[in-house]
Amino acid sequence: MSQDNRTEDQIDIEETGAGEQPESSGAEPGTCGQAEAASRTGEADAREPDSDGTGESGQETEGEEEENRNKSGSRRDPRDVQIEELQDKLKRQMAEFDNFRKRTDKEKSAMYEIGARDMIEKILPVLDNFERGLAAVPEDLKDSSFAEGVAMIYKQFVKTLEDAGVEAIEAVGQPFDPNLHNAVMHIDDDAYGENEISQELQKGYRYRGTVVRHSMVQVAN
């Protein structure tokens, strides 16, 4: 009986051990399954921010896009740059042309005055001869038609020169001015003051305020 009882006890222990082994062996797979599930959940959580664009890699992408947008916004259109360059070039050319026009007008005016002065200097001897011819007319012939015709031509000649800007320099009774007069004779005459012009030997003329020919005069000391 005892042997049978031990045998039964042993059998019970063996059965009990055999029944518990599956539980212990079943716990290990469960633990491994939980670890694997947790690992998969962590990987999914790590992947979800990337898909939403809130992960680290997503932030870098947005930053690059914003930087690219800023760069593209600050970059000027080449056509606008070319238009500004052409406008600046046009303004410079217009300024240069205006300076050229002013310089040309000034040179033309100076050349015109030089040419006019040269022509006036050549005409003045003719005017002097008119004056000498009229002064040489005898008193009994001054009322003749010939003398009156010559006098009219002389007056017309003088009027034309005055309209062109030529004017005679005053001399007799004026104080001597070396800028206007050329003293060729000096006399002692109490009727005149010191350095006063007593006689005009040849008329002087100015053209637009510039002396063309100095007056040839006699000055009293």
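FYI, the numbering just counts along the sequence from 1. Computation of the quantities below employed the complete heavy-atom set of this structure, encompassing side-chain atoms and omitting hydrogens, waters and symmetry-equivalent molecules.
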Is there a path from [X] to [Y] through hydrophobic residues (I, L, V, M, F, W, Y) whose side chains come within less than 4.5 Å of each other?
X: Tyr207; Y: Leu127; value: yes
X: Phe97; Y: Leu90; value: no
X: Met119; Y: Phe157; value: yes
X: Met152; Y: Val137; value: no
X: Val219; Y: Leu180; value: no

Would you say [X]'s side chain and [Y]'s backbone share a donor-acceptor pair under 3.5 angstrom?
X: His181; Y: Val217; result: no
X: Asn182; Y: Pro178; result: no
X: Glu85; Y: Gln82; result: no
X: Arg213; Y: Glu121; result: no

When rounded to the nearest 0.5 angstrom, what is the spacing between [atom1] in [X] and [atom2] in [Y]?
X: Lys155; Y: Phe130; atom1: NZ; atom2: CZ; answer: 13.5 Å
X: Asp118; Y: Ile123; atom1: CG; atom2: CD1; answer: 10.0 Å
X: Asp177; Y: Ile169; atom1: CG; atom2: CD1; answer: 9.0 Å
X: Met94; Y: Arg101; atom1: CE; atom2: CZ; answer: 10.5 Å
X: Ile197; Y: Glu170; atom1: CD1; atom2: CD; answer: 10.0 Å
X: Gln218; Y: Tyr192; atom1: CD; atom2: OH; answer: 8.5 Å

My understanding is that only residues two or more places apart in sequence, or in another chain, count here; which of them pass side-chain contact (heavy atoms from CB on, under 4.5 Å) with Val172?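 For Val172 the side-chain contact (heavy atoms from CB on, under 4.5 Å) partners, ignoring immediate neighbours, are Glu200.
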
Residue list, salt bridge (Lys or Arg N to Asp or Glu O under 4.0 Å) with [X], at least two apart or on another chain:
X: Glu148; answer: none
X: Asp143; answer: none
X: Asp140; answer: none
X: Asp80; answer: none

Under 3.5 Å, is there a donor on one side chain and an acceptor on the other for Tyr205 and Glu167? no

Could you please spell out the steps behind the salt bridge (charged side-chain N to carboxylate O under 4.0 Å, His left out) verdict for Lys142 and Glu139? CA-CA 5 Å; Lys142 286 184 178 180; Glu139 289 294 333; 2.8 Å; yes

Could you pull out every donor-acceptor pair under 3.5 Å between side chains of residues 102-117 and any protein atom, sequence neighbours left out?
{"unit_1": "Lys102", "atom_1": "NZ", "unit_2": "Asp98", "atom_2": "OD2", "d": "3.4"}
{"unit_1": "Thr104", "atom_1": "OG1", "unit_2": "Phe100", "atom_2": "O", "d": "2.7"}
{"unit_1": "Arg117", "atom_1": "NH1", "unit_2": "Val211", "atom_2": "O", "d": "3.2"}

Where is the tightest heavy-atom contact between [X] and [Y], given as atom of each residue plus distance?
X: Ala220; Y: Ser198; answer: N-OG, 4.4 Å
X: Ala183; Y: His186; answer: CB-NE2, 4.2 Å
X: Ala147; Y: Leu134; answer: O-CD2, 4.2 Å

Where do Val212 and Val166 land on the side chain to side chain contact (heavy atoms under 4.5 Å, CB included) test, with the steps shown first? CA-CA 9 Å; Val212 178; Val166 180; over 6 Å; no

